[in-house]
Amino acid sequence: MGEREADLQLVERVQSGDREAFGLLVGKYQRKLLRLVMRLVRDPAEAEDVTQEAFIKAYRALPNFRGESAFYTWLYRIGVNTAKNWLVANGRRMPTMSEVTDDDSEGIEDGILLRDDETPDRVLMSRQIGETVNAAMEALPADLRTAISLREIEGLSYEEIAQVMDCPIGTVRSRIFRAREAIAARLRPLLDTAPDRRW
Amino acid sequence: MNDPRLSKISALFDGELETHEVRVAIQASVEDAERWRLYGLIGDSLRGEPIVAPDLTVSVMARISEEPVVLAPRNLKPLKRRHPFLALAASVAGVAVVGWVALTGNSQLSETHLALSKKEPVAVLPAPTFVQAQQTTVSGEMSEYLLAHHAQAGSTRLGDSTRQIRTVAIGSPRP
């Protein structure tokens, strides 16, 4: 089963009446969708509102989702349309191509997204999260660090990682899980003490 | 940390579960949404993607709690009509069931349907289906047949409602 099929399973669960399963989809794609929306709606607070609205629209439209495209592709279209409608409703124009960074999949320099209206605590929290994750990675045993890097950064499947690391797929699954847990253990104290505990 | 359910959350997040494991994993993930969100945060951070905003899940789910529950009916395979009379009998039986549900307010059928639908793991979503209600005026001959059939079934509730029967057809959406 791939990621697309896993998302379809979650969608089907929502379509069967389990609203909490939609929360998993929100948790998984909120940052990606927000980054997309921010290309169009530059103000971070307004982009958050538009992103929320996009998720609400997606939830309402879920009975019509047929699985012909990947869930995120479908969500992406809703996000773009919601942002466009918001711009029109608020008398704003769509940003030109030169004003929009090119590829959502490329790493975006912090300097591009940090605007004058970014709050200092948000900037600080973003950097602290990054530093904590990096420190946790450095502290990981090599096999765990390799496994999670191949998965999260290189995007390899478990089968591919198993071939690279010459180990069973079950071992790959275990290593990635243990790596995530080790990093999460370091993150939780930071997030629990954040001024805005919504992180 | 050695809880096998937790490792399933991690594998589900990557879409790397066997089909038979998915239901347990989804349940575990729903019950441990914080862990699910942390996994997403970790991945974004490792990829150098900026963490530009706090978690929106709580606010989104708060709004969704005010929304009606979305439900999508599943595709049911149409009955193969091998003999006209058998097809008619099958349709009549279906009408009788629907009529019984409507008249008694019995929701077990829909609940059973939902329960059955949850037991079948599927990898691909079926196309959405539409429940269409058609009103059909029943001929006198049909009416007599239905009344006779219904009398044999032991129910006395159909009565005059057979004169105008609502048929509910569940199938593929019309082009």
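The chains referred to below are lettered A, B, ... by the order of the sequence lines, with proteins before strands, and numbering in each begins at 1.
- Interface residue B/Asp14: backbone and side-chain heavy atoms are both found under 4.5 Å from chain A.
- In A/Asn90, the CG atom is crowded: over 12 heavy atoms of neighbouring residues, nucleotides or ligands sit closer than 6.0 Å.
- Interface summary for chain B: among A/Glu3, A/Arg60, A/Glu20, A/Arg19, the most heavy-atom pairs under 4.5 angstrom belong to A/Arg19.
- Taking 4.0 Å as the cut-off between side-chain N and carboxylate O, A/Glu138 and A/Arg145 do not count as a salt-bridged pair.
- At a 4.5 Å heavy-atom cutoff, the contact between B/Val30 and chain A is made by backbone and side-chain atoms alike.
- Note on A/Arg173 versus B/Glu21: salt bridge recorded, some NZ/NE/NH1/NH2 to OD/OE distance being below 4.0 Å.
- By a heavy-atom distance cut of under 4.5 Å, A/Ile148, A/Arg151, A/Glu152, A/Ile153, A/Ser157, A/Tyr158 are the residues of residues 146-161 of chain A near chain B, going up by number.
- Across A/Asn134, A/Thr51, A/Leu10, A/Leu62, the residue that shares the most heavy-atom pairs under 4.5 angstrom with chain B is A/Leu10.
- When each of B/Val60, B/Ile64, B/Leu46 is scored by its heavy-atom pairs under 4.5 Å with chain A, the top score falls to B/Ile64.
- Comment: A/Arg188 engages B/Glu34 in a salt bridge, judged by a side-chain N to carboxylate O separation of less than 4.0 angstrom.
- Per-residue heavy-atom pair counts under 4.5 Å with chain B were compared for A/Val133, A/Ile183, A/Ile56, A/Leu187, and the maximum is reached by A/Ile56.
- For the set B/Ala33, B/Ala25, B/Gly43, the entry with the most heavy-atom pairs within less than 4.5 Å of chain A is B/Gly43.
- Here the straight-line distance linking atom CG of B/Leu6 with atom CZ of A/Phe177 works out to 4.5 Å at 0.5 Å rounding.
- For A/Phe22, the parts sitting under 4.5 Å from any heavy atom of chain B are the backbone and the side chain alike.
- Taking every heavy atom of both residues into account, A/Val37 and A/Ala47 meet most closely at CG1-O, 3.8 Å.
- Between B/Trp36 and A/Val26, every side-chain heavy-atom pair lies at or beyond the 4.5 Å cut-off.
- Heavy atoms from other residues, nucleotides or ligands lying under 6.0 Å from CD of B/Glu67 number more than 12.
- Nearest approach of A/Leu33 to A/Ala54, heavy atoms of both residues: CD2-CB, 4.1 Å.
- Between B/Ile42 atom CD1 and B/Phe13 atom CZ the span is 9.0 Å, to the nearest 0.5 Å.
- Only the side chain of A/Arg13 has a heavy atom closer than 4.5 Å to any heavy atom of chain B.
- Here B/Asp55 contributes atom CG and A/Arg31 contributes atom CZ; the two are 7.0 Å apart, rounded to the nearest 0.5 Å.
- Looking at A/Leu24, the atoms closer than 4.5 Å to chain B (heavy atoms on both sides) sit in the backbone and in the side chain alike.
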